[in-house]
Number of protein chains: 2
Amino acid sequence: MKTLAFMTGLGVTTVSRALKDAPEIGAETKRRVQLVAKQIGYRPNRAGVRLRTGKTNVISLVLNTEHELMSFVSDIIYGVTAVIADTPYHLIVTPYSRSQDPLDPVRYLVETGSADGIIISRTQPNDPRARYLLEHGVPFATHGRTDMGLVHPYHDFDNYAFASEAVRYLAGIGRRRLALLAPPIGLTYHGHTVNGFTDALSEVGASEVPFNTVTIDQSIEQIRMRTAQLMRRSDRPDGFVSSAAASTLAIVAGIEDAGLKLGRDVDVVSKQSSEFLHLFRRELLVVNESFRLAGSELARAVLGWVGGAEPGSLQSLSKPGEVLPYRG
Amino acid sequence: MKTLAFMTGLGVTTVSRALKDAPEIGAETKRRVQLVAKQIGYRPNRAGVRLRTGKTNVISLVLNTEHELMSFVSDIIYGVTAVIADTPYHLIVTPYSRSQDPLDPVRYLVETGSADGIIISRTQPNDPRARYLLEHGVPFATHGRTDMGLVHPYHDFDNYAFASEAVRYLAGIGRRRLALLAPPIGLTYHGHTVNGFTDALSEVGASEVPFNTVTIDQSIEQIRMRTAQLMRRSDRPDGFVSSAAASTLAIVAGIEDAGLKLGRDVDVVSKQSSEFLHLFRRELLVVNESFRLAGSELARAVLGWVGGAEPGSLQSLSKPGEVLPYRG
DNA sequence: CCAATATACTGAAACGTTACAGGTTGCCAA
DNA sequence: TTGGCAACCTGTAACGTTTCAGTATATTGG
């Protein structure tokens with residue numbers, strides 16, 4: 001910048017202001033400065049800006065290293081980076097592990113002022129992280145809604161609609177006794193999913209086969225074993241609704257362990273975030289959820305808040321598509 | 001830090017030096033300063049340090065947004081973060097897309113001085129990024145080796161061993177006509193894989209069924225279609241070696257599209273980075289490759305170089321485990 | 001006892017940027 | 001003519017850190 005000032009014969013202050021289109025700089029001067037800046041490839045020094053203004057130009061994605069789905073991590077990162085690609089923002093990934101309080105990484109980011117905006121996942125109805133961030137005035141967006149009467153940006157997939165559509169579909173092909181492999185208890189979308197499931201059950205007059213103690217956070221082996229146990233009982237379900245593709249692999253394995261056949265003895269509707277369940281078993285019924293979209297929406301939301309938009313206007317809910325059987 | 005200086009009654013210079021165990025500070029003073037620092041929870045301001053020293057405390061992971069495997073992205077990030085978790089380093093993810101020169105993001109990072117160290121993947125035998133980084137003296141590590149006579153840190157999986165073991169295993173169960181679904185042409189490990197494959201073929205006296213134009217970078221549908229075509233020919237292979245789990249799903253689909261049966265008409269050995277292929281088809285033969293390990297090794301390597309270690313001492317090669325059939 | 005030296009500490013400057021509090025010029029109205 | 005004002009520009013300080021070039025005091029060797 002000093003170089004720019006020298007080259008243009010102006011003061012550094014003028015150059016600084018000219019580069020950000022301040023009103024008190026002559027139009028001609030602005031164009032001149034910006035031209036020279038472009039020519040010599042001037043890039044603002046992030047440390048200088050950050051030290052002076054506190055603006056980090058960083059968005060942090062806070063992830064659980066044990067429980068996030070593989071596809072979630074990959075796709076959400078790509079979604080976020082696609083949006084921030086032509087902004088000065090960088091994406092930093094802040095991990096936390098099972099043993100840690102989920103609030104820890106968030107507190108760290110806020111205390112060290114390491115990010116202008118934060119994206120969190122595994123959102124809870126009463127989420128201490130959201131509360132903390134609101135209290136500290138740090139812009140953020142959550143993947144999943146909260147239920148605290150506080151308003152903040154979020155992106156969510158309509159899991160109520162997913163679960164209820166899944167139940168309706170299964171009922172439509174004659175399935176009457178349904179089991180739900182739900183999201184982890186405690187997370188907001190667990191509630192949404194369970195509600196959609198049970199509401200639709202009573203709507204169509206089907207019944208639930210309890211599978212409560214198992215969630216998609218469990219290991220493949222656990223889910224497989226518990227499914228096999230369940231399927232060996234006389235009152236076994238004839239339909240499953242599964243909230244995650246990886247768990248669906250385990251459910252199918254469990255079904256087959258019990259000597260039953262997918263599509264004949266039982267049907268499974270599963271969410272998936274990439275098109276592979278139909279390669280796995282053609283009989284599966286799938287609903288797509290795009291985590292890349294989630295990443296983009298979340299990035300847009302945080303950037304919006306950072307840029308001064310109303311948090312309440314930065315909320316989005318993505319509707320599930322139809323339940324899809326295999327086609328050709 | 002000014003606060004610390006005031007509290008201890010020392011000058012800021014002394015505090016700065018005391019905190020980093022400089023030799024010219026009295027032992028007693030050091031302990032005192034460090035105690036007070038701990039008490040008030042002092043954390044060095046990253047912008048201050050970065051502005052003064054140029055040290056960013058950032059490691060950047062450069063990823064292709066189209067062609068990286070899902071599991072690769074997720075696991076490598078977790079591997080890296082696990083290593084840098086108890087260091088002052090942050091991980092930033094720098095993406096680039098199909099249309100871009102892979103050198104672009106690297107150049108950006110170097111020109112803006114945005115990272116102390118860089119991790120790159122999809123390494124080529126003659127890799128312009130590695131050359132560029134060496135020329136500019138920026139520490140980096142590559143996932144995969146180069147072959148330019150230049151020495152730099154890397155982590156690699158021994159794909160020669162993988163491919164040759166796979167061939168030996170298939171030959172051992174009577175397969176004689178093998179096809180290889182190779183990594184993308186141009187990447188170093190394409191060559192390694194192909195060499196391992198062909199060397200072992202001649203060793204065991206089996207023959208290759210060319211499948212050259214297809215690589216794991218292609219879409220699931222493409223691979224599936226091409227496999228089905230191949231399997232409908234009279235000179236079809238009776239064994240496959242596949243370099244990626246996702247592609248293996250497509251190969252199996254293609255095999256079944258052609259009306260053939262896995263394990264009877266044809267066997268497939270595939271790498272996988274998470275334990276799911278055996279849920280998919282029990283007849284599959286798998287070799288595990290841990291991307292989390294790769295991430296950790298790469299992080300250790302860059303940090304080592306940043307810390308002044310010899311680049312040549314920061315190279316690691318991970319040997320594949322055995323070919324594993326399904327068990328219980 | 002003095003000079004040399006080691007030990008322990010310090011102020012000022014600098015990294016690149018922006019905000020604050022001006023300064024200069026030219027024009028217009030009184 | 002002059003005071004006021006708008007338009008445009010500028011120097012200085014500050015953000016938090018480290019480095020440079022010291023200073024002051026105690027210790028040692030001759």
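Here is the naming used below: chain letters follow the sequence lines, and residue numbers restart at 1 for every chain.
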What is the minimum heavy-atom distance between B:Gly312 and B:Val151, and which atoms define it?
CA-CG2, 3.5 Å

Heavy-atom protein contacts under 4.0 Å, nucleotides 14-20 of chain C, coded B base, S sugar-phosphate only, - none
BBBBBBB

is_close_aromatic(A:His143, A:Tyr154), centroid dist under 6.0 Å:
no

Could you tell me how far apart B:Leu4 (CG) and D:dT18 (P) are, to the nearest whole angstrom?
12 Å

Rounded to the Å, how far apart are B:Leu10 CG and D:dT17 P?
16 Å

Can you check the B:Glu24 CD to D:dA21 P distance for me, whole Å?
14 Å

Protein-nucleotides 23-25 of chain C N/O pairs closer than 3.5 Å?
none

OP1 or OP2 of D:dC9 less than 4.0 angstrom from a side-chain nitrogen or oxygen of A:Thr29, does that happen here?
yes

Any ion pair linking A:Arg122 and A:Asp217 (charged N to carboxylate O, less than 4.0 Å)?
yes

Tell me what B:Gly9 touches on the nucleic acid: a base, only sugar-phosphate, or nothing, going by heavy atoms under 4.0 Å.
sugar-phosphate

Shortest non-hydrogen contact from B:His90 to A:Ser114?
CE1-OG, 3.6 Å

I'd like to know if the side chain of B:Ser74 and the backbone of B:Ser71 have a donor-acceptor N/O pair within less than 3.5 Å.
no

For B:Asn57 and D:dT17, what is the distance between atoms CG and P respectively, to the nearest whole Å?
13 Å

Length of the line joining A:Leu19:CG and D:dC9:P, which is rounded to integer Å
13 Å

How far apart are the closest heavy atoms of B:Pro139 and B:Val302, and which atoms are they?
O-CG1, 4.0 Å

So which heavy atom on A:Ala47 is nearest to which on B:Arg50, and how close?
CB-CG, 3.6 Å

With no hydrogens and no angle check, do the side chains of B:Ser121 and B:Glu68 hold a donor and an acceptor under 3.5 Å apart?
yes

